[in-house]
Amino acid sequence: MSHDLNAAQREAVNTLSGPLLVLAGAGTGKTRVVIYRIAKLIKSGVPAQRILAVTFTNKAANEMRQRTTALLGRRRGQQRPEISTFHSLCVRVLRRHITVLGYPKRFAIYDRADQESVARATLREIKVPGETLRPSDFLYFISRWKMASVRPRKATSLAGTDKEHLAAVAYRRYQNNLKSKGAVDFDDLLLLTEELFEKYPDARRAEADRFDHLLIDEYQDTNGSQYRIIKRLAIGHRNLCVVGDDDQSIYGWRGAEITHILRFERDWPRATVVRLEENYRSTAAILERANQLILFNKNRHDKVLRAARHGGEPPRILQFKDETAEAEGIVQDLKKRLAQRGTVPRDFAILFRTNEQPRAFEMVLRKENLPYVLVGGMSFYDRKEVRDLLAYLKVLANPHDEPSLLRIINTPPRGIGQATVKRLLDLAVSNGKSLWSTLGSPAARAEAGDKAARSIGQFRATIESFRSRVGHDSLSRLVSELIQKTGYTSELSRIYTDPTEREARMASVEEIVNAVANYEKQAQKPTLSGYLEEAALGDRDDTTEKDSQLARNAIALMTLHSAKGLEFPQVYLVGLEEGILPHHRSVAADGDAIDEERRLCYVGVTRARDRLTLSLALTRKKWGKARDSQPSRFLYEFTGQAELLKAKKASAQTRLKATTRRKSRSPARR
DNA sequence: GCACTGACCGTTTTT
DNA sequence: CGGTCAGTGC
């Protein structure tokens with residue numbers, strides 16, 4: 001089996017017990033090693049279900065599942081290794097033990113929109129005006145604290161600014177509000193698992209005992225909670241294999257700490273360390289530049305990627321007048337290459353730092369009639385229609401789910417306006433009851449007025465009649481009838497007069513009906529709450545959506561963040577300007593934010609197999625106004641001209657000179 | 001209660 | 001510039 005692996009890969013695959021750190025550079029066959037290692041473990045007699053592999057994204061988990069199945073073969077009744085994301089792992093743990101923490105067994109998982117709704121209500125309760133602390137800022141603070149396992153009490157003492165102090169006070173209240181609704185947010189999934197393991201050693205032991213081997217993918221992206229959870233799960237058997245690349249840590253802004261991978265050997269004494277340094281993906285010409293660039297980072301494991309593929313075209317740097325010229329120039333260049341024999345649209349990727357960049361490219365691509373996919377972008381579950389219908393389902397599952405109830409109580413409009421809702425909410429709060437219970441009370445009828453009261457009555461009757469059918473009728477039937485009964489689609493065609501938009505909205509509705517039907521088909525025991533959990537975790541099998549997106553023969557447009565783990569024969573990395581890459585927020589922040597931007601750039605560069613083109617615009621419109629752009633510092637580093645940049649920094653005059661000189665000749669011509 | 005208007009704000013991202 | 005949201009007039 002392992003004849004097609006190199007020596008380092010073989011060592012990583014064959015080191016079956018004890019702590020193992022696999023430092024896998026870009027394009028060194030990391031996923032392959034993980035999968036082969038799982039297969040090897042099983043072959044050596046470890047029962048498959050005693051192996052747990054953890055990934056960060058569903059995409060990665062799906063891919064790993066597929067490739068493991070392909071390698072092991074599909075035999076009936078055969079046990080499979082457990083492959084899951086951190087979050088769904090925690091959900092399963094919490095389903096078994098959460099009652100000891102004072103949450104209901106069937107706790108709800110609140111997503112970002114639900115969180116905002118609770119945050120808004122919380123801030124209203126303690127009478128914080130919107131301009132003092134916005135719900136989004138508030139959530140940002142809490143999220144930071146949670147990822148560092150900071151509880152409300154500690155947050156109060158940590159708070160420096162007034163805003164933070166206010167957020168710390170509201171934090172406790174927010175947690176209580178969630179808890180009283182029997183709900184947890186995404187960060188809680190990790191935080192509560194950690195708390196459970198800390199306070200209840202028996203629960204920790206029971207969970208740790210389920211597995212003999214633990215594999216963690218993308219270890220460089222672990223945040224504090226995840227780090228501690230892993231530790232507590234693996235401490236008994238020490239059969240912990242972590243795989244990652246410190247040079248590709250790009251999620252620091254959401255709590256990932258690169259120190260975790262850097263200090264693995266100290267955490268786990270006598271750990272084996274394997275370095276995968278042979279890159280099979282990119283040509284030497286591309287890799288040479290990547291290596292040069294990443295050398296500018298200080299905090300990293302020492303390693304140098306060696307190219308298995310010699311030679312290759314040196315990367316080009318193209319410079320344009322503005323972002324429109326950039327898009328046109330790049331697309332023209334791409335078109336020329338596409339005309340070459342054996343080249344197809346799928347070979348190309350255009351990578352960028354921010355989400356506003358693809359707009360110009362989309363326009364040109366559409367004009368040129370070239371097939372493209374914007375990967376990422378708005379996800380299925382972000383679409384308004386999907387959220388609405390999901391809210392209906394959530395209310396059917398639990399009518400006391402207030403964020404969902406508020407979302408649908410007047411969607412489509414049925415005469416229960418803002419004022420009425422506000423009054424009913426106040427009534428509910430003063431009675432200490434849920435909004436749903438309040439809706440049926442005589443007091444509510446008096447509060448709402450005749451017309452609204454009638455609407456409320458009808459709404460309640462509809463919900464109740466569907467609720468009584470949950471568990472009896474099929475889910476997909478329930479959903480389509482719900483859409484009918486509420487007049488949801490007729491409302492859509494009323495609001496959206498533009499035919500293309502209307503069609504898109506209708507398609508979303510259709511998609512959720514399909515998603516439910518799909519779930520019903522493949523789940524062993526389909527239930528409403530089961531579907532909602534899958535939806536909340538994004539855990540659905542989206543082979544239908546994203547994979548077909550990529551499989552479609554189209555040029556891929558995506559952010560550097562979503563490009564991680566992928567590769568393309570030809571890559572255009574665009575917008576290499578100060579303020580974009582590196583992003584201005586990272587430039588302004590002190591500390592090592594720039595290093596993360598450099599890693600991001602490195603990730604982009606190492607996506608390319610054969611050809612790499614970097615580009616920049618000299619002016620760029622920002623919020624409607626054109627502003628001058630400076631070439632990214634990474635361009636200088638990458639081409640070995642960092643000295644020039646230092647000189648530029650020393651004096652504004654030289655800076656001007658250097659830039660004008662740059663204009664006349666392309667900055668990268670060696 | 002609803003639709004329309006204008007002020008405001010600003011972009012890495014996943015679960 | 002484009003999207004979101006609160007406020008206004010009907």
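Everything numeric here is computed off the predicted structure, so don't read it as measured data. Letters A, B, ... mirror the listed sequences (proteins, then strands); counts begin at 1.
One interatomic measurement links the two molecules: CD of A:Glu597 to C1' of B:dT12, which rounds to 8 Å at whole-angstrom precision. The nearest whole Å value for the distance from the NZ atom in A:Lys621 to the C1' atom in C:dG2 is 14 Å. In this entry the distance linking CD of A:Glu596 with C1' of B:dT12 reads 9 Å, nearest Å. Taking atom CG of A:Leu190 as the reference point, atom C1' of B:dT14 lies 11 Å away to the nearest angstrom. Between A:Asn410 atom CG and B:dG1 atom P the separation is 8 Å, expressed in whole Å. The nearest whole Å value for the distance from the CD atom in A:Glu491 to the C1' atom in B:dA3 is 12 Å. Atoms NZ (A:Lys564) and P (B:dT12) sit 17 Å apart, rounded to a whole Å. To the nearest angstrom, P of B:dT13 lies 12 Å from NZ of A:Lys59.
In this structure, the nucleotide among B:dT13, B:dT11, B:dT15 sitting nearest to the side chain of A:His561 is B:dT13. Looking at the side chain of A:Arg359, the nearest of the listed nucleotides B:dT11, C:dG2, B:dT15 is C:dG2. In the set B:dG1, B:dT12, B:dT13, B:dT12 carries the atom at the smallest distance from any side-chain atom of A:His583. Checking B:dT14, B:dC2, B:dT13 against the side-chain heavy atoms of A:Asn355 singles out B:dT13 as nearest. Residue A:Glu356 has its side chain nearest to B:dT11 when only B:dT11, B:dT14, B:dT13 are considered. Distance from the side chain of A:Arg353 is smallest to B:dT12 among B:dT13, B:dT12, B:dT15. Each of B:dT15, B:dT12, B:dT14 was ranked by its minimum atom distance to the side chain of A:Ser562; first place goes to B:dT14. Here B:dT12 is the nucleotide among B:dT15, B:dT12, B:dT14 with the atom lying nearest to any side-chain atom of A:Trp253. Taking every side-chain heavy atom of A:Thr559 into account, B:dT13 is the closest of B:dT15, B:dC2, B:dT13.
The salt bridge (Lys or Arg N to Asp or Glu O under 4.0 Å) search around A:Arg598 returns A:Asp595, A:Glu637, not counting sequence neighbours. Not counting sequence neighbours, the partners of A:Arg96 by the salt bridge (Lys or Arg N to Asp or Glu O under 4.0 Å) test are A:Glu207.
The aromatic rings of A:Tyr227 and A:His260 sit parallel, their planes meeting at an angle under 30°, below the 60° perpendicular limit. The aromatic rings of A:Trp253 and A:His561 lie perpendicular to each other, with more than 60° between the two planes, well past the 30° mark.
If you check every strand for non-hydrogen atoms under 4.0 Å, A:Phe86 touches nothing. Heavy atoms of A:Ser586 sit nowhere under 4.0 angstrom from any nucleic acid atom. Note on A:Asp187: nothing from the nucleic acid sits closer than 4.0 angstrom, heavy atoms only.
When atom types are taken as modelled, the side chain of A:Glu597 and the backbone of A:His583 share a donor-acceptor pair closer than 3.5 angstrom.
For the pair A:Arg151 and A:Tyr171, the cation-pi test (distance below 6.0 Å, angle within 45°) is failed.
Residue order along DNA chain B, read from the 5' end via each residue's closest nucleotide, puts A:Arg414 first among A:Arg414 and A:Leu560. Each of A:His87 and A:Arg585 was matched to the nucleotide of DNA chain B holding its nearest heavy atom; the match closer to the 5' end belongs to A:Arg585.
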